[in-house]
Amino acid sequence: MTEPASTVAGFLGVKFAAVIAGMAGAVISLRFIDDLSMFGRVLAVLTGALTAGYLSPAAGQWLGVSQPTENAIAFVFGLTAMNVIPGLMKLSEKFASDPLSFIRAPHSHRRKD
């Protein structure tokens with residue numbers, strides 16, 4: 001069943017079910033984060049919800065899974081987004097500061113047997 005485009009999720013181009021599953025995951029993940037302000041908590045839930053809303057349909061299509069499985073993926077994205085995104089941002093900053101070093105880095109750690 002398709003969702004009406006008049007909803008906020010439809011306006012943003014995401015699936016409502018994915019946003020809700022991601023939001024639920026993000027809310028649960030707040031239990032494990034101690035030092036966030038109220039604004040930080042709201043931002044964290046929005047981050048989890050939007051990450052799930054945009055990434056889980058793509059992941060579900062790529063993996064060829066059912067809608068319930070896609071919703072489970074959305075929940076996991078929401079649960080982990082607040083931890084994964086800072087790591088991705090650090091990788092992005094490292095790449096931006098020295099792209100060639102970043103590209104060569106995996107090769108420099110090979111063992112020479």
Show the atom names and distances, to 0.1 Å, of all donor-acceptor pairs under 3.5 Å that link a side chain in residues 27-34 to residues at least two apart or in another chain.
| unit_1 | atom_1 | unit_2 | atom_2 | d |
| --- | --- | --- | --- | --- |
| Ser29 | OG | Ala26 | O | 2.7 |

Using a 3.5 Å cut-off and no angle test, enumerate the donor-acceptor pairs between side-chain atoms of residues 43-58 and protein atoms at least two apart in sequence or in another chain.
| unit_1 | atom_1 | unit_2 | atom_2 | d |
| --- | --- | --- | --- | --- |
| Thr47 | OG1 | Leu43 | O | 2.8 |
| Thr51 | OG1 | Thr47 | O | 2.7 |
| Tyr54 | OH | Leu12 | O | 2.6 |
| Ser56 | OG | Ala52 | O | 2.5 |

Original post:
Restricting to pairs with a member in residues 55-92, which pass ring pair (Phe, Tyr, Trp, His ring centres under 6.0 Å), not counting sequence neighbours?
Top reply: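 Listed by first then second residue: nothing to list.
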Original post:
Is Met89 isolated, or which residues cluster with it under the ILVMFWY side-chain rule of less than 4.5 Å, directly or via members?
Top reply: Ile85
Original post:
According to the side chain to side chain donor-acceptor pair (under 3.5 Å) rule, which pairs have a member within residues 63-76, sequence neighbours left out?
Top reply: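 Output for this query lists Lys15-Gln67, Lys15-Glu70, Ser66-Thr69, Gln67-Asn71.
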Original post:
Asn83: what forms a side chain to side chain contact (heavy atoms under 4.5 Å, CB included) with it, not counting sequence neighbours?
Top reply: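 Counting only residues at least two positions away or on another chain, Asn83 forms no side chain to side chain contact (heavy atoms under 4.5 Å, CB included).
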Original post:
For the atom pair CE (Met82) and CG (Leu36), what is the distance rounded to the nearest 0.5 Å?
Top reply: 8.0 Å
